[in-house]
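Let me begin by presenting the structure, written as structure tokens, before commenting on it.
Residue numbering restarts at 1 for every chain, and letters A, B, ... go by the order of the sequence lines.
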There are 2 protein chains.
Amino acid sequence: MKAYKIPEATVMRLSIYSRYLHQLIDDGVKSVSSDEIAHGVGVSSAQVRKDLAYFGEFGTRGVGYKVEVLYGHLMKILGLDRRWCAIIIGAGKLGSALALYQGFAARGFNVGAILDASPDKIGTKLGEIEVEPLEMMAQRIEEKNITIGIVTVPASAAQEVTDKLIESGVKAILNFSPRVLKVPGNVILRNVDLSVNLEVLSFNLNYLK
Amino acid sequence: MKAYKIPEATVMRLSIYSRYLHQLIDDGVKSVSSDEIAHGVGVSSAQVRKDLAYFGEFGTRGVGYKVEVLYGHLMKILGLDRRWCAIIIGAGKLGSALALYQGFAARGFNVGAILDASPDKIGTKLGEIEVEPLEMMAQRIEEKNITIGIVTVPASAAQEVTDKLIESGVKAILNFSPRVLKVPGNVILRNVDLSVNLEVLSFNLNYLK
DNA sequence: TAATCATTGCTCAATGTTTCACAAAAGATT
DNA sequence: AATCTTTTGTGAAACATTGAGCAATGATTA
């Protein structure tokens with residue numbers, strides 16, 4: 001693949017463009033301009049074109065983009081032309097909510113297993129799938145070909161389960177715990193920190209006033 | 001307050017520094033250097049000092065920072081030296097999980113109300129608080145002095161409830177729905193998009209291979 | 001009190017990202 | 001077929017963020 005370094009902000013916008021295009025497909029729209037996409041998702045049209053330019057030329061000058069074609073390209077670029085299997089570690093409120101969240105499956109992400117350390121949680125059902133003990137980690141990752149680990153345990157346990165996930169072969173970690181995780185360079189890490197998001201709001205409410 | 005524009009990345013890091021300092025306080029540590037903070041949270045020490053420099057001089061040259069003093073400053077900067085009241089709209093899996101999430105209260109965020117449109121959800125209890133109908137929005141925001149609205153409804157309803165929140169006096173919106181929201185310039189908006197985060201992982205898994 | 005030490009705060013350079021502006025190109029119109 | 005209109009793709013400029021290096025300076029020691 002390309003040797004270019006793609007800005008993360010670009011990747012996030014591509015994901016948002018793809019969702020907007022999906023909506024256009026549902027609405028029966030056949031063709032779209034960078035300007036329309038830009039308005040639809042709240043960025044500039046130059047930004048849209050620049051983002052797309054990292055990956056090729058998908059439009060027709062004077063005309064715009066064919067919605068379905070561009071959507072197809074974006075899904076491929078994002079790696080969403082296949083299914084990914086994820087494992088959730090931590091069956092607390094957040095882990096359970098994510099396990100049951102419909103939005104993931106809709107975009108090609110399966111939850112292959114959900115594990116927890118606590119005996120009261122083990123054996124309970126979350127939709128189709130049953131909470132299992134942490135000891136099942138390596139086996140489930142192996143047999144279900146799981147590449148993504150979702151960490152929703154308390155901060156104190158986060159590094160430990162992360163290490164185990166990586167040892168068991170997971171290639172990417174989505175971390176919801178409020179803890180900075182250390183992972184080897186070949187493992188992809190993203191943090192979603194709910195408190196940080198609220199605190200950015202709080203800062204702005206406080207600061208702009 | 002200052003006229004400077006503070007980068008959002010800086011604000012997010014301040015939030016993370018403050019959490020790290022809290023941990024140090026728990027461990028009984030009295031003094032810390034920018035280099036130690038940097039290692040603790042995974043950034044460069046220059047970055048730490050630069051971030052703090054937006055707001056003043058908090059350290060002592062040759063010595064470092066007094067942990068408690070710096071923590072106090074950060075909490076004040078972040079607006080966390082007071083309590084904020086939030087309202088959650090949408091009592092689905094995610095809304096419920098957030099309503100029950102302990103992490104928010106720990107940092108000074110109260111959930112003052114949780115509303116839903118669906119009759120089967122209305123009246124159910126989430127911990128202390130009961131799911132109420134959407135019609136209660138204006139009243140609850142008014143009487144509980146709510147400034148933050150958390151949107152966890154499906155994409156199709158997101159703009160509508162956002163408009164109502166703003167009309168009812170909310171000053172900031174934390175949007176979990178996969179929809180680009182339009183808000184007036186004086187309302188602060190942040191988006192937490194769970195699918196986008198997974199898709200960035202998917203992109204990287206796909207692209208780096 | 002002077003010398004030494006450690007670490008901040010700050011300046012300036014490097015890097016990364018977004019915006020601007022326009023040539024190029026495709027289709028529509030005459 | 002020539003011209004016009006529209007919108008892409010892109011190079012260069014503007015802007016923003018991060019990183020490197022060091023002078024300034026408070027604490028400590030002799």
side-chain contact (heavy atoms from CB on, under 4.5 Å) partners for B:Lys121, two or more places apart: B:Ala91, B:Asp116, B:Ser118, B:Val131
Qualifying residues under side-chain contact (heavy atoms from CB on, under 4.5 Å), relative to B:Ser31, sequence neighbours excluded: B:Val63
Check this for me: does any side-chain nitrogen of one of A:Arg190 and A:Glu8 sit under 4.0 Å from a carboxylate oxygen of the other? yes
How bent is the helix from C:dT1-D:dA30 to C:dT30-D:dA1, comparing axes over its five end pairs at each side, to the nearest 10°? 0°
Of all nucleotides in DNA chain C with an atom under 4.0 Å from a non-hydrogen atom of chain A, which is the first and which the last going 5' to 3'? C:dT17 to C:dG27
Could you note down all residue pairs passing side-chain hydrogen bond (donor to acceptor under 3.5 Å, both in side chains) where residues 91-106 of chain A supplies at least one of them, sequence neighbours left out? none
What side-chain hydrogen bond (donor to acceptor under 3.5 Å, both in side chains) pairs are there with at least one residue in residues 148-159 of chain A, not counting sequence neighbours? A:Gln159-A:Asp163
List the residues meeting salt bridge (charged side-chain N to carboxylate O under 4.0 Å, His left out) with [X], not counting sequence neighbours, and say none if there are none.
X        : answer
A:Arg140 : A:Glu132, A:Glu143
B:Glu142 : none
B:Glu57  : none

With sequence neighbours left out, write down each residue that passes ring-ring contact (aromatic ring centres under 6.0 Å, His included) with B:His22, or none if nothing qualifies. B:Tyr71
Between A:Glu8 and A:Thr60, just flag the one whose closest nucleotide in DNA chain C comes earlier from the 5' side. A:Glu8
Along DNA chain C (nearest heavy atom to each residue), the more 5'-positioned of A:Lys50 and B:Ala46: B:Ala46
Scan B:Thr10 against the nucleic acid and name what it touches under 4.0 Å (heavy atoms): base, sugar-phosphate only, or nothing. nothing
Identify the 5'-most and 3'-most nucleotides of DNA chain D with at least one atom closer than 4.0 Å to a non-hydrogen atom of chain B. D:dT17 to D:dA27
Quick note, ring pair (Phe, Tyr, Trp, His ring centres under 6.0 Å) partners involving residues 134-157 of chain A, not counting sequence neighbours, are none
